[in-house]
Amino acid sequence: MKRILTLALLITTVCGMAAAKEYSLTSPDGKLVVTISNGVTINVSHQGNEVVTVQADLNNACSKVLSVRTTKTRNEHIVSPFYRQKEFTTAYRQADVALGNGFGMEVRAYNEGVAYRFLTKRKGETIIHDESAAFNFPEESKAWLAYTTNPEKPYAMAFQNTYHETHLVDARPLPAFLPATVESGDVKVTILESDLRSYPGMFVKADGNSLMAEFAKYPKRMDYYRWRGMSYVAETEDFIAKSEGARTYPWRVMAITENDTEMPVNNMVYALAEPNQIGDTSWIKPGKVAWDWWNDWNLSGVDFKAGINTPTYQYYIDFAASNKIPYVVLDEGWYDSSKGDIMNPIKDIDLQQLINYGKEKGVGIVLWTVFNVLDEHLQEACEKYKQMGIKGWKIDFLDRNDQTAVEMAERLAKTCAQYQLFVDYHGYFTPTGMSRTYPNILNYEAVFGMEECRWAKKDTDMPRYDVAFPFIRMMAGQVDFTPGAMRNGTKDNWVECYQKPVSMGTRCHQAACYVVHDSPFTMLCDAPTNYEKEPDYTSFIAAIPDEWDETRVLMGEIGKYIVTARRKGGTWYVGGQTNWDERTIQLPLAFLGEGSYVTSMLTDGINASHNAEDYLFDTQFHHQGETLTLHMASGGGFVMKFGKINVVDHL
């Protein structure tokens, strides 16, 4: 008994000594100061003001500090194919914290925020029963939270919801999926994660002025829904993760921004992810895609019965070819999804004929599938359909982010890359930088996208969400929002219609999506025959680039409006969107280089607040020193293309 009491006293004394010691880490620009104490408490201040304190632990261990080693500033130049810019530089300082029981921690201070992760050098199997993280904020902090849509099984859902803007203490008692943004004093702190591999993704749940981390348990037994052959977690273990040997765990990211315009271009998630693991990326070709599902295969004026059949998809291919759209996706229905029969197209689809026809026209075919259905036939399906000539997969309905789901997502990306197939992850958890690790992942959903307009109710405020998620969700990575609606409704006259869906907001609001969104593989969601009735508009949006050299957010405010400028070579595109409020802005053209520019302008028509499909095309000439006055209708927007005039060409 005496030995036990002595040991307990020693442990208490050591932990007390650790509590008395603090270590500091400063961001390269000196604005952020990170104080580490107890090995599990991280205090972050911005220009002298405390903005967030994190109490973190792994497996409920008493993590006494054995040592702390800080580094000087490390600079990184990151090549980022298919990202919001083709390359960027970043800098950070790091503290390497040695903890007890074979665990450690890395803490990094960037100018753009702070991140930490646990690591272990343990041998053999490690079972993680729980990871705790309490993100504590000052009183009266306001939050933007996207809650689970499945209260009974909160970790099983599609990661699609609008944002609840609320004081943190008044938040609903539901888990929210990341990102989660909190206004803390003069800055906003956005919680994200990066380098999520073989580990469950993080949720957060409000508790007073704190956000508490939660994780899905490790699956013990899986079962299947009859519909689509989708797998689901039927029973779980009492732990969240397991692994063998030494490893690092995911980065917990606190992106810190002084202005809302910094949020959509914060690069921390991408920068912290594992670099490219597939090598050559020259075979990966981003581009727009003609899509069938949103418009319900609703062709008109054709001499065949439209539907999931060969003639319909030949028409989609012809439309794509005539508008230089590089892809057509065959969404659900090309195989019998009720049976999960991915290896056999239905009889009404001659898939090889369509692939060959598309190849003749310069249009690639992309196939839809359910996550686990592809995974269960992975090598066989990739080999068969690659030999037939498809370009990639649209992979849907993962709808969870436990450890085995995360492992499946990585396994699919890695195997598809081996067959030179790209992937579009639909029905997917919030991205965590895996498109850096596997650049063949061109897009992710985890967004309350255009598909919601097929079944939304009139009080759904899509325009507000449209100018909220670029500031929050897009910090994590690309978005498969699926824009391009040709039927558009105002706040007063929008109607729900499943077979002929209508977007909320103006036509120009839709067009601006192609500039505002990070989306290298993005849909034209409406029916080809609808686009063909307006060829000038269609050719304009189809020609907007899908890869960019540079991205800037010129002005905006969460939930109100956004104006984004992107550069491809010497040409600039600017897209703007507003919520249901009409808005007039003054836009300085200081971002342009020297010289004169011919400007193609797509703006809301004078009657767009009454008829959301009203728009105006115009051509003007502008230069760097000007300021433009631009009006956006209710739920409106605009797109401008600035092409530099080469004086030699006009002599």
Between [X] and [Y]: side-chain donor-acceptor atoms closer than 3.5 Å:
{"X": "His631", "Y": "Thr584", "value": "yes"}
{"X": "Ser282", "Y": "Asp280", "value": "yes"}
{"X": "Tyr313", "Y": "Trp297", "value": "yes"}
{"X": "Tyr615", "Y": "Glu534", "value": "yes"}
{"X": "Thr506", "Y": "Asp614", "value": "no"}
{"X": "Asp336", "Y": "Ser338", "value": "yes"}

message: Quick check on Lys491: does its NZ atom have over 12 non-hydrogen neighbours (other residues, nucleotides or ligands) under 6.0 Å away?
response: no
Listed partners of [X] passing side-chain hydrogen bond (donor to acceptor under 3.5 Å, both in side chains), at least two apart:
{"X": "Asn440", "result": "none"}
{"X": "Thr551", "result": "Arg566"}
{"X": "Lys391", "result": "none"}
{"X": "Ser80", "result": "none"}

Taking atom [atom1] of [X] and atom [atom2] of [Y], what is their separation to the nearest 0.5 Å?
{"X": "Trp393", "Y": "Leu367", "atom1": "CH2", "atom2": "CG", "result": "5.0 Å"}
{"X": "Asn493", "Y": "His610", "atom1": "CG", "atom2": "NE2", "result": "7.0 Å"}
{"X": "Met523", "Y": "Ile325", "atom1": "CE", "atom2": "CD1", "result": "12.0 Å"}
{"X": "Glu626", "Y": "Gln620", "atom1": "CD", "atom2": "CD", "result": "8.5 Å"}
{"X": "Arg84", "Y": "Asp518", "atom1": "CZ", "atom2": "CG", "result": "4.5 Å"}
{"X": "Thr190", "Y": "Asn266", "atom1": "OG1", "atom2": "CG", "result": "7.5 Å"}

ring-ring contact (aromatic ring centres under 6.0 Å, His included) partners of [X], counting only residues at least two apart:
{"X": "Tyr428", "result": "Tyr425, Tyr444"}
{"X": "Tyr438", "result": "none"}
{"X": "Trp548", "result": "Tyr573"}
{"X": "Trp144", "result": "none"}

message: A cation-pi test, strictly: NZ or CZ of Arg552 under 6.0 Å from the centre of the six-membered ring of Trp572 and no more than 45 degrees from its axis. Yes or no?
response: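 The answer is no; the distance or angle limit is not met.
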Arg507 to Tyr537, cation-pi by 6.0 Å centre distance and 45° axis angle: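 So Arg507 does make the cation-pi contact.
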field: Working for side-chain contact (heavy atoms from CB on, under 4.5 Å), residues Gln314 and Phe304
entry: CA-CA 11 Å; Gln314 285 180 326; Phe304 55 87; over 6 Å; no
Let me have the donor-acceptor pairs involving side chains of residues 347-354, under 3.5 Å, with sequence neighbours excluded, atom names and distances please.
residue : atom : partner : partner atom : Å
Asp350  : OD1  : Gln353  : N            : 3.1
Gln352  : NE2  : Asn356  : OD1          : 3.0
Gln352  : NE2  : Met388  : O            : 3.1

- prompt: Just wondering, do Ser519 and Asn443 contact through their side chains at under 4.5 Å, heavy atoms?
  reply: yes
task: Considering non-hydrogen atoms only, spot the tightest contact between Pro81 and Pro439 and give its length.
output: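 What the structure gives for the nearest pair is CG-CB, 4.4 Å.
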- line: Closest heavy-atom pair, Ile278 versus Trp283, reported as atoms and distance to 0.1 Å, is CD1-CZ2, 4.3 Å
task: Report the C-alpha separation of Val329 and Tyr316 in whole Å, then their side-chain angles, then the decisive distance to 0.1 Å, and conclude whether the side-chain contact (heavy atoms from CB on, under 4.5 Å) test is met.
output: CA-CA 9 Å; Val329 65; Tyr316 277 78; over 6 Å; no
Test side-chain contact (heavy atoms from CB on, under 4.5 Å) applied to Leu589 and Gln624, step by step: CA-CA 5 Å; Leu589 301 184; Gln624 185 183 55; 5.7 Å; no
If only atom types and distance count, is the side chain of [X] paired as donor or acceptor with the main-chain N or O of [Y] below 3.5 Å?
{"X": "Arg473", "Y": "Met475", "result": "no"}
{"X": "Lys644", "Y": "Glu594", "result": "yes"}
{"X": "Asn267", "Y": "Tyr270", "result": "no"}

message: Once side chain to side chain contact (heavy atoms under 4.5 Å, CB included) is applied, do any residues pair with Asn530, and if so which ones, sequence neighbours excluded?
response: Met486, Asp526, Ala527, Lys533
Look at [X] together with [Y] and state whether they make a salt bridge at an N to O cut-off of under 4.0 Å.
{"X": "Asp581", "Y": "Lys560", "answer": "no"}
{"X": "Lys500", "Y": "Asp296", "answer": "no"}
{"X": "Glu496", "Y": "Lys457", "answer": "yes"}

- prompt: With sequence neighbours excluded, what pairs up with Glu582 under the salt bridge (Lys or Arg N to Asp or Glu O under 4.0 Å) test?
  reply: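 Salt bridge (Lys or Arg N to Asp or Glu O under 4.0 Å) check on Glu582 returns nothing, list empty.
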query: Does anything in residues 488-515 pair up under ring-ring contact (aromatic ring centres under 6.0 Å, His included), and if so which pairs, sequence neighbours excluded?
result: none
query: In this structure, which one of Tyr147, Tyr465, Phe469 forms a ring pair (Phe, Tyr, Trp, His ring centres under 6.0 Å) with Phe448?
result: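 Result: among Tyr147, Tyr465, Phe469, Tyr465 is the only option passing the ring pair (Phe, Tyr, Trp, His ring centres under 6.0 Å) with Phe448.
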